[in-house]
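Read the structure below first, then the notes.
These numbers were taken from a predicted model, which means no experiment stands behind them. Whatever order the structure lists ligands and atoms in, that order sets their numbers, starting from 1. All values below were derived from every heavy atom in this structure, side-chain atoms included, with hydrogens, water molecules and symmetry-related copies excluded.
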Amino acid sequence: MATDTLATPAHLSDTQTRVFKNFIDGEWVDSISGETFENRNPADTRDLVGIFQKSNKEDVNAAVDAAKRAFAKWRLVPAPRRAEMVFRAAEILIERKEEYSRDMTREMGKVLAETRGDVQEAIDCAYYMAGEGRRMFGPTVPSELPNKFAMAVRQPVGICGMITPWNFPMAISSWKLLPAVVCGNTCVIKPAQDTPLSTFNLVRAMTDAGLPKGVINIVSGFGSMVGTPLAEHADVRAISLTGSSEVGRIVGGIAAKSFKHCSLELGGKNPMIVLDDANLDLAIEGGLWGGFGTTGQRCTATSRIIVQKGVYRAFIDRYIERAKKLKVGNGLDESVEMGPAINEKQLQTDLSYVEIGKNEGAKLMCGGNRLDQGEYKYGWFMQPTVFIDVDPKMRIAQEEIFGPVVSIIACDNLENAIEIANGIEYGLSSSIYTRDVNKAFTAMRDLYAGITYINAPTIGAEVHLPFGGTKATGNGHREGGIGAIEFFTEWKSVYVDYSDKLQKAQIDRVD
Ligand code: UN1
């Protein structure tokens with residue numbers, strides 16, 4: 001097998017390195033410090049995707065100032081007009097879908113079919129939010145008093161700060177930016193340092209759709225240098241973060257000090273229950289997709305499979321056989337089923353959990369090793385990994401790994417399965433495979449999570465329903481659908497007294 005002699009892929013011999021600047025007040029600008037960082041392909045680190053600005057507090061301040069100026073005008077643009085720009089952005093994204101998907105596979109590593117899905121999710125979000133521009137419903141209610149009118153209207157919150165993750169680099173940026181601008185807010189976004197390009201691509205589509213300068217500003221860089229000052233900035237009224245529970249605790253604490261709106265979408269350790277009566281073929285297919293899709297790097301990844309004893313043996317035999325055959329590689333190759341970890345640190349975390357699982361006494365049945373020979377030499381690859389006979393209290397069954405490591409746990413019955421499923425600190429997604437409608441409904445009621453799937457794995461949320469979870473997964477907000485409109489608006493109750501006299505609420509009563 002070739003090692004050092006691997007041919008340099010054509011796109012790597014391109015000497016033109018793309019430099020991406022910050023986007024502030026409609027201009028592409030260097031970071032004030034002049035510092036930059038590299039964005040490299042996790043499947044092949046010889047591939048330099050681009051150079052991005054390593055920004056700091058001063059860049060954040062400039063971006064917030066621009067957003068503040070833009071807000072004065074943008075909030076007065078009628079919401080249906082604002083929404084039309086988002087609709088046009090959807091059409092532009094459709095035209096550029098293939099280009100942006102390829103960019104995303106290069107910077108993030110997930111396979112092309114999935115990056116096409118990620119861009120599609122931004123398109124779906126744009127169409128949905130464009131429709132919201134013509135709704136933004138609020139209650140109009142009868143007043144208690146005569147000749148008085150009462151209603152509540154949605155108002156923009158103001159300047160919104162956004163901190164996005166690397167695993168869904170365009171979709172999750174769209175979940176935040178698109179409802180925010182439709183609602184009349186202006187934004188400063190810090191994309192994940194591993195995958196900034198996809199946010200740039202989304203914002204480019206928005207700008208080409210006619211979004212005025214300053215409405216969306218991008219400041220690239222690292223959490224402590226950009227995310228923290230953004231969350232601390234006195235003029236920022238809302239912060240929306242998708243990331244780890246650890247970072248969520250910090251950002252939530254900062255936001256609380258100045259009473260900012262704060263939406264946190266954090267970790268998961270999502271269970272998929274397989275009962276004795278399940279369609280086993282379907283459950284195996286679903287468990288592979290949920291566990292190893294996106295290399296297990298979804299907050300909603302199926303990281304625990306809880307299987308009833310009657311089908312346990314049959315399930316694991318077939319699941320492991322299939323997991324061993326998954327094709328790992330560079331996501332630009334259409335035949336590849338699982339890409340690399342996002343970076344070396346994540347790969348090391350994944351591998352460390354393999355050791356933790358072994359030491360805890362779980363049985364490693366498949367994978368567990370780094371892949372670093374031949375075609376894998378320049379990337380952060382590992383084998384799809386499956387542990388069986390996992391005790392629900394083991395760390396590999398409790399902690400979010402964010403990699404291709406699946407823990408299979410045996411259970412006695414539905415009640416026991418739900419107890420195991422709920423016995424973690426997170427509550428994002430959950431699923432059950434059963435053909436018994438009574439059991440399905442019991443699970444829908446009793447799984448304590450923000451999302452429950454029946455006869456599907458724990459991944460696959462659509463943009464028009466609420467996305468988020470319970471317990472350490474967040475702070476009660478939801479993205480997607482109407483939840484996003486709730487987050488990015490503030491209620492104003494309006495009373496119009498046209499009686500021409502002072503009417504005292506609760507005191508003057510008309511009998
Ligand atoms: C995530 O899990 O990190 O629900 C986001 C899904 C995608 C979004 C996932 N639409 O699988």
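Ring centroid separation for the pair Tyr128 and Trp175 does not come in under the 6.0 Å cut-off.
Ion pairing between a basic and an acidic side chain is recognised when a charged N comes within 4.0 Å of a carboxylate O; Asp47 and Arg106 show such pairing. For the pair Asp103 and Arg18, the salt-bridge criterion is met [side-chain N within less than 4.0 Å of a carboxylate O]. Between Lys269 and Glu399 there is no salt bridge, since no side-chain N of the basic residue sits under 4.0 Å from a carboxylate O of the acidic one.
In summary, of the residues considered (His261, Arg154, His477, Arg478), a side chain to side chain donor-acceptor pair (under 3.5 Å) with Glu486 occurs for Arg154 alone.
The part of Asn167 lying near ligand 1 is the side chain, judged by heavy-atom distances below 4.0 Å. If you look at Glu121 next to ligand 1, the close heavy atoms, those under 4.0 Å, all belong to the side chain.
Protein heavy atom in closest approach to atom 3 (O) of ligand 1: Cys299 SG, 2.7 Å. The closest protein non-hydrogen atom to atom 11 (O) of ligand 1 is Arg298 NH1, 2.5 Å.
Residues meeting the ring pair (Phe, Tyr, Trp, His ring centres under 6.0 Å) test with Phe52, sequence neighbours left out: Phe20, Phe200.
For ligand 1, one of its N or O atoms has an N or O atom of Ala461 under 3.5 Å away. Inclusion of Thr300 in the set of residues having an N or O under 3.5 Å from an N or O of ligand 1 is warranted. The N/O atoms of Ile172, backbone and side chain alike, include none that comes under 3.5 Å of an N/O atom in ligand 1.
Atom CD of Glu246 sits in a sparse spot, with 12 or fewer heavy atoms from other residues, nucleotides or ligands closer than 6.0 Å.
Residue Gly460 approaches ligand 1 through these ligand atoms, each under 4.0 Å from one of its heavy atoms: 4 (O), 6 (C), 11 (O). Listed by number with element, the atoms of ligand 1 under 4.0 Å from a non-hydrogen atom of Ile459 are 11 (O).
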